[in-house]
Number of protein chains: 2
Amino acid sequence: MRDVAARLGVSAMTVSRAIRGDSGIAEPTRQRVLAEVAALGYRPNDLARRLRSGLAHGLVGLVVTSLANPFYSQLSVGVEQVATERGAGLLVASANGDADRERELVEDMSARRIAGLIVVPAGNDHRHLDPRQLEGAPVVLAATPPRDIDVDCVLVDDFGGTYAACRRLIERGHRRIGFLGLPASLWTGSERYRGYAAALEDAGLPVDDRYVSRHRGDIELAEAATRHLIGLAEPPTALITANNRNTIGALRTMQHSPTPVALAGFDDIELADLLQLPLSVVAYDAAEVGREAARLLFDRIEETTTPQTAARPARTQRVVIPTRLVDYPRVPAP
Amino acid sequence: MRDVAARLGVSAMTVSRAIRGDSGIAEPTRQRVLAEVAALGYRPNDLARRLRSGLAHGLVGLVVTSLANPFYSQLSVGVEQVATERGAGLLVASANGDADRERELVEDMSARRIAGLIVVPAGNDHRHLDPRQLEGAPVVLAATPPRDIDVDCVLVDDFGGTYAACRRLIERGHRRIGFLGLPASLWTGSERYRGYAAALEDAGLPVDDRYVSRHRGDIELAEAATRHLIGLAEPPTALITANNRNTIGALRTMQHSPTPVALAGFDDIELADLLQLPLSVVAYDAAEVGREAARLLFDRIEETTTPQTAARPARTQRVVIPTRLVDYPRVPAP
DNA sequence: CTGTTAGCGCCTTCAC
DNA sequence: GTGAAGGCGCTAACAG
């Protein structure tokens, strides 16, 4: 910048103004400056710029469990779309389900003075996600409502979706329905379980603990759990799987099983339409979860930046993304 | 920081030293400072820190086509693992196959003074990826070798993988084999096509242009192309698909087709083991592509940081990730 | 319209 | 072992 200014015999301030498109600068001057900038290949240092202007704007963080899970990669696609629209960069990190790791990541990001943070929390305790701990950067939770902190969130209709899926199985005549699920410590785990249990109860069916397996959502564990369930003396005739990893694990296991077990799962599965098996899934727009979370986040960021127009209370928001039940195969087999 | 210093009646310098674990500070002093830091919840501002110390360290960029494609999300998982190990943050962005967009993203990232950049280029022209244009930040290309610039890259064995896949179809007696591929302007597109064509030629078979469709790798286009190919007067009896999007498109289309067409595709497909169709895939570790790219990148970053130990020429590296041919169903049907 | 002064928050360098 | 000065690159705030 100094070089540019020196060469043109102007001050650094003039260069600064020209670059930013500030008003209060003569058009010819701006042209000269911009030409020289181009000639020298000078690019302003965003770090220094933000340091001075105070704004940490320009970088938002996203902490998920793992990008290897399509739910999270779709989510991040949505977040990225909105971030890009707003001219912000996206810092992503995977906590791999580890709450301690999550805390480290979040602290690291806040040290980097990100403008805001979207988190899919790995645990029950959200105190480390309090914006007051994070240099005031707004926080939005995805897939889980805040606990003991006051922030916006975007949820999926976990209860309703699972309820509908379980109901569908009941309508088809199933009476012994198992649940292959996530840990109760996870919001999604407990809500989806609740939907399952409620559907059974509303149908006058018992919730049989033998048919319920709650574990981390990973394919291997789901396979083992499925093997166990279908090996029972009186096995379930149908299973509800609590997320895409569980659905895949169940599908894999049942492929080698002689006894057919009906399946309904949370999360849509790519290629589900090509499986020859009947399968119902609770589908929803995961990218929209991300987009919505990002929108809420940027609204808050602007709110913080803007000089508090009036005394708007700005209550905490909670957006719920709807689900729909999809039956595969799409065209019912005869 | 000033607050902490003031409260303790020490200088900011002492606080700085305590935080960084600098030597030259008395242990009791450090303890007092750290206690006060914790009490006030003070967190150092990374931006300011880096601004002064010059180090752009701590943030690397990744530009891919789309995180919605499992190849790229796996790749980013690998990059993220290594970045995290090295204590760096990861800035991701999708160019969606648009070369202009890619250039914008890259420029934006370099304005943010990232320490290095990994790119899966969207086009043929790589001049905008020259480190000299990017404040000297090292660049590593993934999936595509550099063209007109001198940077490291990590490749997949596109030619060998496709060659093997095509050979497999030939071994199974196919003589009319189609190719459902990516644009020739993409490295992966042309290499995979080359592998296909070479396998045919080596088997004394003609490359019939009617059976070749080259288009952007997206599911809808692949479906249309497949419909076209199997609708030909003398349709191919087998298809090679150039990436996972094409494979899925072909699978979808062929599900509704009476004429069976054998399929072999580049990229493994989750759930391929559950499809009832025979399918061969060129599998490889996409996360390893990312890890390897990140390793190369951090090596270069250190090289830049380190005061040039000896006159190591540091030649440009090119790493190739191997592929293996996997036949589904794993246990061949009778 | 342009320049000067000062300082964002931290760290390097050199005194003490 | 600690502190004071100065500056990283840039831009508010005020001058002219």
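All heavy atoms count here, side chains included; hydrogens, waters and symmetry mates do not. Chain letters run A, B, ... following the sequence lines, proteins first and then strands; every chain starts at 1.
What separates CZ of B:R52 from C1' of C:dC11 is a distance of 6 Å, to the nearest Å. For the pair B:L40 CG and C:dG9 C1', the computed distance is 16 Å after rounding to whole Å. Here the P atom of nucleotide D:dT2 and the CG atom of B:L8 are 11 Å apart, to the nearest Å. For the pair A:I25 CD1 and C:dC1 P, the computed distance is 9 Å after rounding to whole Å. Rounded to a whole Å, the CG atom of A:D22 is 12 Å from the C1' atom of C:dT2. To the nearest angstrom, C1' of D:dC14 lies 11 Å from CZ of A:R17. As a whole-Å value, the separation of B:R113 CZ from D:dG9 C1' is 9 Å. Atom-to-atom, CG of A:N45 to C1' of D:dC10 comes out at 8 Å; the value is rounded to the nearest Å.
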- Message: Could you walk me through whether A:S94 and B:E80 satisfy the side-chain hydrogen bond (donor to acceptor under 3.5 Å, both in side chains) test, starting with their C-alpha distance in whole Å, then the side-chain angles of each, then the deciding distance to 0.1 Å, before giving a yes or no?
- Response: CA-CA 8 Å; A:S94 301; B:E80 198 224 315; 2.6 Å; yes
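When distances are taken from the side chain of A:A26 to each of C:dC10, C:dG9, C:dC1, the shortest belongs to C:dC1. The side chain of A:S11 has C:dG3 as its nearest neighbour among D:dT11, C:dG3, C:dC10. Closest contact between the side chain of B:R49 and the listed nucleotides D:dC8, C:dT13, C:dC10 involves C:dC10.
Using a 4.5 Å cut-off on side-chain heavy atoms (C-beta onward), B:S76 and B:L67 make contact.
Heavy atoms of B:M1 sit under 4.0 angstrom from primed sugar atoms or phosphate atoms, though from no base atom.
Under 4.0 angstrom from either OP1 or OP2 of D:dG1 there lies no side-chain N or O belonging to B:R32. The side chain of A:T14 contributes no N or O atom lying less than 4.0 Å from OP1 or OP2 of C:dT2. Of the side-chain N and O atoms in B:S16, none sit less than 4.0 angstrom from OP1 or OP2 of C:dC10. Proximity of A:T29 to the phosphate of C:dC1: no side-chain N or O atom is located under 4.0 Å from OP1 or OP2.
Not a single salt bridge (charged side-chain N to carboxylate O under 4.0 Å, His left out) links B:R2 to another residue, sequence neighbours left out.
When the shell of 6.0 Å around CZ of A:R101 is examined, it contains more than 12 heavy atoms from other residues, nucleotides or ligands.
Residues A:R2 and A:M13 both approach DNA chain D. Their nearest nucleotides, taken by heavy-atom distance, put A:R2 toward the 5′ side. Comparing B:A48 and B:V10 along DNA chain D, the residue whose closest nucleotide (by nearest heavy atom) sits nearer the 5' end is B:V10.
Between the side chains of B:H128 and B:E107, no donor-acceptor pair is found at a separation under 3.5 Å.
Each of A:L75, A:D285, A:V79 was checked for a side-chain contact (heavy atoms from CB on, under 4.5 Å) with A:R291, and the lone residue meeting it is A:D285.
Between A:R295 and A:E288 there is a salt bridge, with a side-chain nitrogen of the basic residue lying less than 4.0 Å from a carboxylate oxygen of the acidic one.
Looking at A:H126, its side chain does come within 3.5 Å of a backbone N or O of A:R147 through a donor-acceptor pair.
One axis for each end of the helix from C:dC1-D:dG16 to C:dC16-D:dG1, each built from five base pairs, and the angle between them comes to 40° at 10° resolution.
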